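Here's the structure, in structure tokens; my notes come after.
Side-chain atoms are counted along with the backbone in the values below, which use heavy atoms only and exclude waters and symmetry mates. Computed from a predicted model, the values in this text were never measured in an experiment.
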Amino acid sequence: MFARDMDLALNSPTWGLIGAPWNEKAQAKKAEAKAKAAV
């Protein structure tokens, strides 16, 4: 029972709808560096 619930939770297709916080931070740093380079 527990294994089935864990399998459904970890392999759920809804994870693709959620953005990871570390990806957002990396994109913000890239945008900040690009803005500094453009000035």
Apart from Met1 itself, members of its ILVMFWY cluster (side-chain separation under 4.5 Å) are none
Residue pairs meeting side chain to side chain donor-acceptor pair (under 3.5 Å), one or both in residues 28-39, sequence neighbours left out, come to none
Besides Leu10, the hydrophobic cluster formed by Ile, Leu, Val, Met, Phe, Trp and Tyr side chains linked at under 4.5 Å, directly or via other members, contains Phe2, Met6
So the side chain to side chain donor-acceptor pair (under 3.5 Å) pairs with at least one residue in residues 2-27 (sequence neighbours excluded) are Asp7-Asn11, Ser12-Thr14
